[in-house]
Amino acid sequence: MIRIYNTMTRTKEEFVPLAAPHVGMYVCGVTVYDQSHVGHARSAMVFDVIRRYLTFKGYQVTFVKNYTDVDDRIIKRASQEGVTAREFAERFIAAERADMASLGVLAPDVDPKATEHVPQMIELISRLVASGHAYPIDGDVYFEIRRFPSYGRLSGKNLDELLAGARVEVDERKRDPRDFALWKGAKPGEPAWDSPWGSGRPGWHIECSAMAMQYLGESFDLHGGGEDLIFPHHECEIAQAEACTGRPFARYWAHNGMVNMGKDKMSKSLGNTLNIREVVKRHDPDALRLWVLGTHYRNMIEWSEERVEESARALDRFARLRRDATAVRGGAAAASLPPAFAEFRPRFARAMDDDFNTPQALAALFDFVRALAEARDRGPAVIAPGGGFVAGVDELVQLARVLGLFGRDAAAEGPPAEVERLVVARGEARARRDFKRSDELRDEIARLGWLVEDTSAGPRLTPKGS
RNA sequence: GGCGGCGUAGCCAAGUGGCUAAGGCGGAGGUCUGCAAAACCUCUACUCCGCGGUUCGAAUCCGCGCGCCGCCUCCA
């Protein structure tokens, strides 16, 4: 049984899908007007892991993550560059896809764009106007929050306090300052679509209600996003959708914590972002992922180059095991998992079942690593092809993959012939105890990117940086 | 001002009423090695921001205080 912390109720609840084994999952993607940063990376990895774990548990997950590709900033920046909003947005959609792939984040089943769902949004808005939840003024359409009594429930806000929030510019035409735009009348030169209220474009929140319902139905299981989206974005999504259908929208709401730069949240508006593209140049994506998963997804995490490097070191212990397993794998039929290694899968699952407690799941994996290394050092019987060691490593890797680790196949390609030649030469030097020559050769091999280590079974070659 | 969250070893971070307070990184010692590297073994919080309280029993619940963060505006 999986328990998920539901932002709506502020408690951990048993996860019961509407129509098991199917699970409909929607996560708010990015507004594509800039490069994706580490904060986006965290959110993406967190929900990637949730999706993978649900799949691991046997659910058939339909995972939808949108692109919001029409928005004030997109329009503004596109016009500054003299390109169309569409061209501008497409560029960053492509960049985002590349970033996600580089992080080992699985592609969504559907990744709809707002601009391709305007008719659905217009349909929604029309129904809201018809039912009296929304009202048009001068080509704009606003949602009237007083007509939706539970507005504020998700974010725990009460409407009176919201009114005091004078940081919002008051638009005199609105019936209530807290009402939000569903549709914005077109200004000259802006992308626009025809609608019953004249030419215009959708407001910020409506696209997610429309696309979620389009692909997952009026009610679906899990809705995710960064905790900074709880208000107003998700609050508004709920209002629009539920006012329209009269049915509950998402059943569970999951929100990831922010990434901070020093004490401040990393955000585009503060200008303290670190782009994924930059980070991936310096760090192994798996190290980044291990760093992210080392903290529970709902807690804040502070960016730290050093901590990512630490994660990379921890990863070496997995990598060594995998290479050792590859080395002894042989053609023998895989042995079944020895009882000594059987405890880790249940431990892993127990941790993940409890609101996706990845730090605890990782602790189980590291204990597994220790148990495997110990067995390996204990002797040939375990390591022999068909012995339990290989089966254990396979099990470990399987579990790690549920966290999205080791997605790339690291079945190391052999070293180049030149390196092989040097290793042989070094072995000869060592045999005649010419250690000076031997060390020179090791340095030479290192310059070619390989690490030689002497073991009882002979020299072991490892590509550097893997 | 309102709402929400956090404060656990040198650093990071689980645990949220009761066996010896996970795990990672770092550090110390040991085994192995020509030297290394890697790996393995042992050790590294009598204590969980402070002060009160509830309880047979609290890091875990309650109150107050201190420090920090997020949301209330675009934001993952």
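We name chains A, B, ... by the order of the sequence lines, and we start the count at 1 in each one.
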Please report the C-alpha distance between A/Lys174 and A/Asp140 in whole Å, then the side-chain angles of each, then the deciding distance to 0.1 Å, and finally whether the side chain to side chain contact (heavy atoms under 4.5 Å, CB included) criterion is met. CA-CA 10 Å; A/Lys174 292 199 281 189; A/Asp140 295 343; over 6 Å; no

For atom P, what is the distance between B/rG70 and B/rA13, given to the nearest Å? 16 Å

A/Arg153 side chain to A/Met8 backbone, donor-acceptor under 3.5 Å: no

Is A/Lys265 close enough to B/rA76 that one of its side-chain N or O atoms is under 4.0 Å from OP1 or OP2 there? no

Criterion side chain to side chain contact (heavy atoms under 4.5 Å, CB included) on A/Tyr53 and A/Asp353, from CA distance to verdict: CA-CA 9 Å; A/Tyr53 187 65; A/Asp353 279 348; 2.7 Å; yes

Using only atom types and a distance under 3.5 Å, with no angle test, would you say the side chain of A/Ser43 pairs donor to acceptor with the backbone of A/Gly225? no

Is a salt bridge present between A/Lys436 and A/Glu440, judged by a nitrogen-to-oxygen distance below 4.0 Å? yes

A/Phe15 six-ring face occupied by A/Lys57 cation (under 6.0 Å, within 45°): no

Exactly one candidate in A/Arg277, A/Arg91, A/Arg77 meets salt bridge (Lys or Arg N to Asp or Glu O under 4.0 Å) with A/Asp34; the answer is A/Arg77

Would A/Lys157 and A/Phe231 count as a cation-pi pair here, with the cationic atom under 6.0 angstrom from the ring centre and within 45° of the axis? yes

Determine whether a donor-acceptor pair (one donor, one acceptor, N or O, separation below 3.5 Å) exists between the side chain of A/Ser269 and the base of B/rC74. yes

Residues of residues 289-302 of chain A with any non-hydrogen atom less than 4.0 angstrom from an atom of RNA chain B: list those, numerically ordered, please. A/Gly294, A/Thr295, A/His296, A/Asn299

Can you label the angle between the A/His223 ring and the A/Tyr26 ring as parallel, tilted or perpendicular, going by 30° and 60°? tilted

Extract from the structure each pairing of a protein N or O with an N or O of nucleotides 58-62 of chain B at less than 3.5 Å, listing the distance.
none

For RNA chain B, find the residues of residues 342-360 of chain A with a heavy-atom distance under 4.0 Å and give them by number; none if there aren't any. A/Asn357, A/Pro359, A/Gln360

Distance-only polar pair, side chains of A/His205 and A/Glu235, donor-acceptor under 3.5 Å: no

In A/Phe344, A/Phe348, A/Phe318, the residue satisfying ring pair (Phe, Tyr, Trp, His ring centres under 6.0 Å) with A/Phe368 is A/Phe344

Integer angstrom distance from the P of B/rG29 to that of B/rG23: 22 Å

Can a donor-acceptor pair under 3.5 Å be found between the side-chain atoms of A/Ser438 and the base atoms of B/rG34? yes

Decide yes or no, distance alone: a donor-acceptor N/O pair under 3.5 angstrom between the base of B/rC3 and the side-chain of A/Arg10. no

